[in-house]
Amino acid sequence: MKRSLFLLFTGMMLAGIGARAQAGKMRTTQLRMIARPDSTGHTIRLRWAATNAALWKQTNQYGFILERYTVLRDKKMLDVPERKVLGMPIHSKPLNDWEALAKKDQNAAVIAQALYGSDFQVGSVSKGMGHIINQSQELEQRYSFSLFAADMSFEASLLAGWAYVDNDIHPNEKYLYRLTTAAPAAIAKGDTAAVFIGAADYESLPAVQEIQAQFGNQVVMLIWDFNRVATHYTSYFVERSEDEGRTFHRLSDVPVANLNEGEKHAAKRMYLTDTLHNNTILYQYRVRGINPFGETGPPSAVVKGKGVNMLPFVPGIQTAYVDEKGMLQLKWEFDEKANPLIKGFRLNIADRAEGPYKIYLDSIAATGRALQIKNPIAGSGYFTLTAIPKEGEGRTSFPVLVQPIDSMPPAIPAGLQAVIDSNGVVTLSWNKNNERDLMGYKIYRAMKKEEEPVPLVDSVWAGNKFRDKLSLKLLNKKVYYAVTALDKRWNQSAMSALVEVKKPNIIPPSAAVITRYTVNSNLVTLNWINSVDEDIAEHGLYRKGAMDSGYFLVRNFIGKNTTGYTDTIQSGAGQYQYYLAARSEGGLVTVSESLAVTITADGAGPMQLTRLYAYPQPDKKRVEIVWDDELKQVNTYQVYRASGSGAFSLWKELPAAQKGIYDTEVQQNTTYQYAVRAVLSTGAYSEMKKVTVNY
């Protein structure tokens with residue numbers, strides 16, 4: 001967007017004043033107007049502009065109508081505003097009236113050329129497609145450049161019919177200025193701009209803020225805050241003093257303006273470069289703003305400084321390395337002619353090529369071109385060499401990387417801790433290593449203590465905290481973690497001590513199995529196979545009599561070492577129920593099948609099968625299992641099966657009339673175990689009889 005007056009100010013619209021006020025919905029006007037009273041209280045200056053090239057061309061032809069309504073007097077609103085026509089219409093002055101001003105003000109010449117010139121071209125293309133484009137854009141160029149020039153010259157704005165000075169002002173009154181186009185109603189859209197102002201609204205102009213100066217070799221860059229005063233000023237004069245501030249002179253008769261401002265990215269600072277005659281004079285600078293009414297603001301604060309001499313030569317590092325003794329060997333080039341201009345050299349070091357650098361060694365002789373530093377280099381680093389001038393700024397070489405021979409791994413990470421939550425999320429943390437060239441860590445995990453840990457991340461882990469997610473459905477109850485450290489030369493430390501993590505238990509343990517029992521008078525001897533899980537905390541034996549309301553604990557057996565127990569019945573004859581409850585370390589419990597035992601008044605002998613055989617039949621791909629007994633009132637037979645050294649599990653439950661079964665789910669070269677017990681109609685169990693067969 002071209003820089004112009006209407007971007008800096010928005011007019012104040014008022015409705016309902018007399019019969020000329022427009023009713024209806026609010027819309028964006030194509031005219032903009034601003035106003036400013038002077039310090040005397042007797043003059044108000046007004047400036048306006050069209051917001052597009054088409055309206056600009058139309059108003060240049062027909063002009064503007066400017067009206068003034070006196071709305072307030074002595075701070076009281078008038079019943080009927082007093083109307084006064086200030087211009088009907090206000091036109092651009094004839095071309096002859098521009099000659100005198102155009103000779104001394106190039107902004108006036110630009111506006112005159114835009115209004116009256118037969119040709120207006122910014123570029124130098126005179127033929128071809130470029131010429132056609134220039135012609136199509138000529139109206140836009142006339143419009144944009146003329147408005148920019150008007151911002152630079154209030155006198156030219158008056159000649160162009162885009163400004164007015166109202167000298168008939170009273171300090172106790174406030175006015176509404178209303179601007180419309182003088183074009184016929186059939187052509188114009190009835191656009192109106194208005195501003196409400198009085199002499200009491202005068203405000204002094206602010207000074208330009210935050211001016212800075214950056215001095216170089218016979219040059220200075222001036223910087224000041226443009227954004228803060230952008231609503232007041234459209235251009236600036238920069239003034240310079242070479243006599244310690246006694247007199248200031250403008251750098252140019254033409255003010256400077258910001259041409260890089262856009263709607264989305266408004267400029268915040270302005271920059272101006274000035275050339276210095278030499279570097280020995282103390283220069284002082286200040287800035288004044290110029291507003292659209294041609295008023296000059298107060299001077300800014302003064303900034304001062306001298307030009308800085310710069311060395312004509314730059315040192316260049318030729319070789320830099322650390323020898324086998326760990327000493328830095330350094331050689332560099334620097335023209336011998338510049339030795340009288342410098343105090344010496346300074347060696348700088350940084351972890352990265354872009355810095356920041358700190359002094360590694362100072363006060364190196366100006367005649368030196370080689371250096372051997374006896375202090376060993378702790379790790380890799382970037383070095384630069386700076387020539388220190390006797391006056392002005394120094395010159396610094398390009399950085400070079402020095403990497404000492406390093407085969408020492410970092411220290412083993414210490415303080416490894418692991419915390420697991422109920423969802424299986426493990427949070428690992430450990431102490432940070434202190435090595436300067438530390439690159440990061442490797443994290444390892446093992447599902448069993450005796451297996452080799454495997455890394456959890458392909459790359460190097462930078463921090464000293466890590467989170468891992470475990471599957472709680474896997475049967476392993478514990479997980480192990482370790483950490484190693486790596487430096488930037490890929491030297492890796494030994495593995496830290498393993499830290500053990502117990503997984504939260506969500507899978508109940510396997511059940512224990514009661515294998516046989518005997519009854520001798522009131523003594524019941526039970527034998528069982530314990531749960532095979534690793535994290536079993538205890539087995540509990542429970543009993544319930546016919547007259548009991550529920551089971552009660554007979555005894556707890558810690559771990560998995562006990563496989564039998566004799567219970568004494570004190571409550572007399574009758575039927576009793578037993579079961580074993582296996583409890584894990586996590587508190588989960590699995591109960592076995594219940595066993596019914598009958599105690600008679602005079603006791604009873606053991607109940608058992610008389611025989612049990614298993615016959616392999618490879619030709620038929622099966623194993624035949626048969627048994628026999630002399631038991632009475634058998635209700636069913638329970639057949640248990642185990643493969644290899646595995647635990648028995650209930651395989652089949654058969655009616656009392658069936659005393660044999662074929663196992664067709666067998667594989668060659670496998671050992672199978674079978675066990676059978678009878679379940680009586682009383683609920684009692686016989687002893688479990690076992691047989692082993694090799695298939």
Side-chain angles (χ1 to χ4, degrees), residues 214-221 276 278-280 305-411 432-441 460 462 485-493:
Q214 298 177 358
F215 288 87
N217 186 24
Q218 294 188 334
V219 68
V220 61
M221 172 72 76
L276 308 179
N278 58 64
N279 292 334
T280 61
K306 293 182 178 181
V308 179
N309 292 323
M310 185 172 291
L311 285 173
F313 304 103
V314 181
I317 298 177
Q318 291 178 301
T319 59
Y321 65 94
V322 177
D323 62 19
E324 64 279 359
K325 297 181 180 179
M327 291 189 293
L328 176 63
Q329 304 289 343
L330 190 72
K331 289 184 179 181
W332 65 93
E333 290 181 336
F334 189 73
D335 199 308
E336 298 288 343
K337 298 176 182 178
N339 285 355
L341 303 177
I342 64 173
K343 300 176 183 178
F345 298 95
R346 180 175 61 228
L347 187 62
N348 314 294
I349 189 172
D351 293 330
R352 298 178 299 175
E354 60 271 19
Y357 285 85
K358 60 182 180 181
I359 298 175
Y360 186 79
L361 184 64
D362 208 351
S363 303
I364 302 172
T367 57
R369 296 297 184 268
L371 189 65
Q372 183 183 62
I373 301 177
K374 296 182 180 180
N375 297 326
I377 307 298
S380 301
Y382 288 88
F383 287 88
T384 61
L385 191 70
T386 302
I388 308 300
K390 293 181 178 178
E391 63 175 24
E393 294 183 357
R395 303 294 296 273
T396 301
S397 69
F398 287 108
V400 294
L401 175 63
V402 176
Q403 292 181 310
I405 300 172
D406 181 11
S407 60
M408 290 290 293
K432 288 184 178 180
N433 283 48
N434 297 320
E435 287 82 5
R436 180 172 171 265
D437 62 340
L438 182 74
M439 182 167 58
Y441 303 90
V460 179
L486 293 91
D487 62 20
K488 294 179 180 178
R489 303 297 290 273
W490 295 97
N491 296 311
Q492 186 169 0
S493 73

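The closest side-chain heavy-atom distance from R369 to E336 is below 4.5 Å. Using a 4.5 Å cut-off on side-chain heavy atoms (C-beta onward), M439 and W490 make contact. I342 has its side chain out of reach of F313: every pair of non-hydrogen atoms, C-beta onward, lies at least 4.5 Å apart. Side-chain contact check for L347 versus I364: some heavy-atom pair is nearer than 4.5 Å. A heavy-atom distance below 4.5 Å is found between the side chains of N348 and I359.
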Derivation of the side-chain contact (heavy atoms from CB on, under 4.5 Å) call for K390 and L341: CA-CA 6 Å; K390 293 181 178 178; L341 303 177; 6.0 Å; no
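Judged by distance alone, with hydrogens and angles left aside, the side-chain atoms of E435 form a donor-acceptor pair with the main-chain N or O of A411 at under 3.5 Å. Side chain of S397 to backbone of L385: a donor-acceptor contact under 3.5 angstrom is found. Side-chain atoms of N279 come within 3.5 Å of backbone atoms of Q218 as a donor-acceptor pair (strictly under, hydrogens ignored).
Every residue meeting the ring-ring contact (aromatic ring centres under 6.0 Å, His included) condition with F334, not counting sequence neighbours, appears here in chain and number order: F345. With sequence neighbours excluded, the residues forming a side chain to side chain donor-acceptor pair (under 3.5 Å) with T280 are N278, listed by chain and number.
Remark: Q372 CD to M327 CE distance equals 4.5 Å, nearest 0.5 Å. In this structure, the separation between CG on L371 and CD on Q329 is 8.5 Å, given to the nearest 0.5 Å. Rounding to the nearest 0.5 angstrom, the gap separating the NZ atom in K343 from the CD1 atom in I388 is 8.0 Å.
Taking each heavy atom of A353 and P399 in turn, the nearest pair found is O-CG, 4.0 Å. Across every non-hydrogen atom of F398 and I317, the tightest pair is O-CD1, 4.3 Å. Residues V402 and A320 approach most closely at CG2-CB, 3.7 Å, considering heavy atoms. The two residues N339 and A366 have their closest heavy-atom pair at OD1-O, 3.3 Å. Shown here for P410 and S493, the closest heavy-atom pair between the two residues is O-CB, 3.1 Å. Taking both residues in full, the closest heavy atoms of L486 and Y441 are given as CD1-C, 4.0 Å, listed atom of the first, atom of the second, then distance.
When each of Y357, W332, Y321, Y360 is tested with F383 by the rule ring-ring contact (aromatic ring centres under 6.0 Å, His included), just one qualifies, namely Y360.
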